Undergrad: 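Following this message is one structure expressed as structure tokens.
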Amino acid sequence: MNREDFEIFKQDPSLIYFDNGATTQKPKVVVDSIVDYYTKYTANAHRGDYDISLKVDMAYEGVRDKVKELIHNKKSKEIVFTSGATASINMIVFGFMKYHLTSGDEVLITKSEHASNILPWIDLAKEMGIIVRYIPLENHLVTIENVEKMVNERTKVISLAQVTNVLGDERPIEKIGKLCKENGIYFVVDGSQSVPHMEIDVQKLNIDFLAFSAHKMLGPTGVGVLYGREELLENLKPTSLGGGMNATFDSEGRIEYKSLPSRLEAGTPNIAGVIGLGSAIDYLLKVGLNNIHRHEVELKKYAIQKLEKIPNIVIYNKDIENGMIAFNIDKVFSQDTAVYLNHYHICVRAGNHCAKILKEDIQVKNTCRISFYLYNTKEEIDELVRVLEQSEDIFKIVL
Amino acid sequence: MDPNVRRQILLDNYQHPTGHGLKEDSSYIKINTNNESCIDNLDIMYKIKDGRIEDICFDGEACAISTSATSIMIQKLIGKNKEEAQRILDNYEAMLDEREYDKELLEELNAYDEIYKQPNRKKCALLPFESLRKIINKL
Ligand SMILES: Cc1ncc(COP(=O)(O)O)c(C=O)c1O
């Protein structure tokens, strides 16, 4: 789909990019929107009274509205721009949870979360004695039954990726959201791997906090989003202080913060990045997230059907309906496979995908991961299959 | 080095590495080498006696480059004292950094003489030697 919109494939027609879980390529319109800002109306935001500065404000704040629509929210002020999903989650943990949890409170996560949704919690646990508990996985998956079993009167937070970056499995977010609502539990959702690939409605799903990154959804690096319900964001203590977020202060130490969302965006923001994100959202909505999802699922089905026929290929997430394939060549270390595929210009990710403790659960520690996006094609899969079929030569290539 | 000879050395050492398998022996010093940029994860155990490396063994999950390098390193280091081990380490690093080095001293380790062309794999080739760096002062 829409491959012609991406300059990189014109520059390098032989490139087969299958690492969209890590980051995605950028369509020309997104790049152009950033260049436009830098060449036609560079100015700071929220500052000047001159024309181009106002234009920047309109563009920057306009993106907030676009994000609001993307996640089907009602209020733009519940959208905060950050430097990425990692920064968003850290703000939730160290700006909000730190002041709203007490020693002994329990946070439920899983072992297949990304490091950015594990390490902040572990750190906070060490600092203040909250308890991090891992929801047991059922065949690698989160089930509502297992979540229910883990919930007790001390459970204060459930923090989960809507879609994981390891196997691409989707969690029953709507049911968990309902459970959280009924039990007064904060529900934090890591949308890094879901927002780029599917429709999401934060209201319907009862999500309290949502984090995601622009660069995984055709946008630039260094920009992300923190969504939070207004009454929660109102009580999120700014973890970064400086210009743009204070209303007044004096030498006696009296500080008054601005209202939301400016309060949580200290310093000159990544204006170009936010503008690029806006352009990426326009693009995604025009193509249609449902169409993208359907395309990815179809590509996976096509690929699995062919990969299954290759005797020494082991696939770990065959039956999960999404655009991600975790596999290994039997008896070959995943990194060697990735280096081998790179020889044919096929980009895949080898490793544990920042989910290091998952290895305690699934017996394989490292896998190769293919993650599709809209511009991937069946022809690319045919090439992958061709290369994997002749992989008995792998060490001739990688050594 | 001739590419076919190189490949054969690496492949033999990857598929049948020397010193594979950890020992339940408390006289060994165990070091975990976690490669910063990639995913290889090796435990390497050294037995030191009278200022010499008496034995080395290892286990873990790692790519062909770091596994084979561990195997060859083990062959090279057993029986060596501090000065000898240091000289191998220095020359090996020099080779990976494209500096002057003693080719004869390194023998089969010359199989990594072109690894500098793949910067992401240089770390793999260095991985076992990180553990040597940590124990060398105990010699
Ligand atoms: C599930 C998940 N969460 C969080 C992140 C972190 O995103 P970023 O590195 O853009 O902050 C990633 C990215 O790899 C991810 O896949």
Side-chain angles (χ1 to χ4, degrees), chain A residues 19 21-23 111-112 114-115 119 165-167 312 314 316 326-370 390-399, chain B residues 1-17 20 22 32-44 58-73 96 108-128:
Chain A
D19 194 16
T23 197
K111 288 182 179 173
S112 55
H114 188 271
L119 298 185
N165 60 314
V166 184
L167 299 178
N312 61 341
V314 189
Y316 302 98
F327 74 100
N328 274 325
I329 302 177
D330 194 27
K331 301 198 180 63
V332 175
F333 191 61
S334 63
Q335 193 188 10
D336 290 325
T337 304
V339 170
Y340 171 68
L341 292 175
N342 174 59
H343 184 77
Y344 300 94
H345 303 254
I346 302 173
C347 312
V348 304
R349 176 57 63 92
N352 43 45
H353 315 302
C354 295
K356 291 191 196 248
I357 50 179
L358 183 64
K359 62 174 182 262
E360 294 170 12
D361 274 18
I362 58 179
Q363 298 319 318
V364 262
K365 293 181 190 161
N366 291 299
T367 59
C368 282
R369 181 188 70 186
I370 289 169
Q390 58 182 40
S391 71
E392 73 271 15
D393 283 344
I394 183 164
F395 290 109
K396 280 207 181 111
I397 305 286
V398 303
L399 290 178
Chain B
M1 189 179 271
D2 172 71
N4 287 322
V5 175
R6 180 202 327 275
R7 188 178 303 129
Q8 204 50 51
I9 293 174
L10 298 185
L11 199 54
D12 286 349
N13 279 284
Y14 175 54
Q15 290 177 334
H16 309 286
H20 187 250
L22 298 179
N32 179 271
T33 36
N34 229 327
N35 193 338
E36 296 257 332
S37 81
C38 64
I39 53 185
D40 307 57
N41 191 357
L42 291 177
D43 286 319
I44 304 182
F58 80 102
D59 205 353
E61 260 208 317
C63 68
I65 297 288
S66 49
T67 304
S68 57
T70 307
S71 167
I72 303 175
M73 179 190 83
L96 296 187
E108 284 203 328
L109 286 173
N110 282 303
Y112 303 92
D113 63 356
E114 291 199 2
I115 211 92
Y116 66 87
K117 291 181 182 164
Q118 299 165 273
N120 62 327
R121 309 228 83 185
K122 192 168 136 180
K123 289 213 172 81
C124 305
L126 258 182
L127 185 70

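This one's a predicted model, so the numbers in the text were calculated from it and none came from an experiment. The chains referred to below are lettered A, B, ... by the order of the sequence lines, with proteins before strands, and numbering in each begins at 1. Just so you know, these numbers use all the heavy atoms, side chains as well, and skip hydrogens, waters and symmetry mates.
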Undergrad: When rounded to the nearest 0.5 angstrom, what is the spacing between CZ in B:R7 and CD1 in A:I397?
TA: 8.0 Å
Undergrad: Could you look at B:R121 and say if it's the side chain, the backbone, both or neither that has a heavy atom under 4.5 Å from chain A?
TA: side chain
Undergrad: Tell me, for A:K396 versus chain B, whether the close heavy atoms (under 4.5 Å) come from the side chain, the backbone, both or neither.
TA: both
Undergrad: Go through the atoms of A:T337 and report whether side chain, backbone, both or neither lie under 4.5 Å from a heavy atom of chain B.
TA: neither
Undergrad: Kindly compute the distance separating CG (A:D336) from OG (B:S66), expressed to the nearest 0.5 Å.
TA: 8.0 Å
Undergrad: So, taking the atom named CD in B:E61 and the one named CZ in A:F333, what distance separates them when rounded to the nearest 0.5 Å?
TA: 5.5 Å
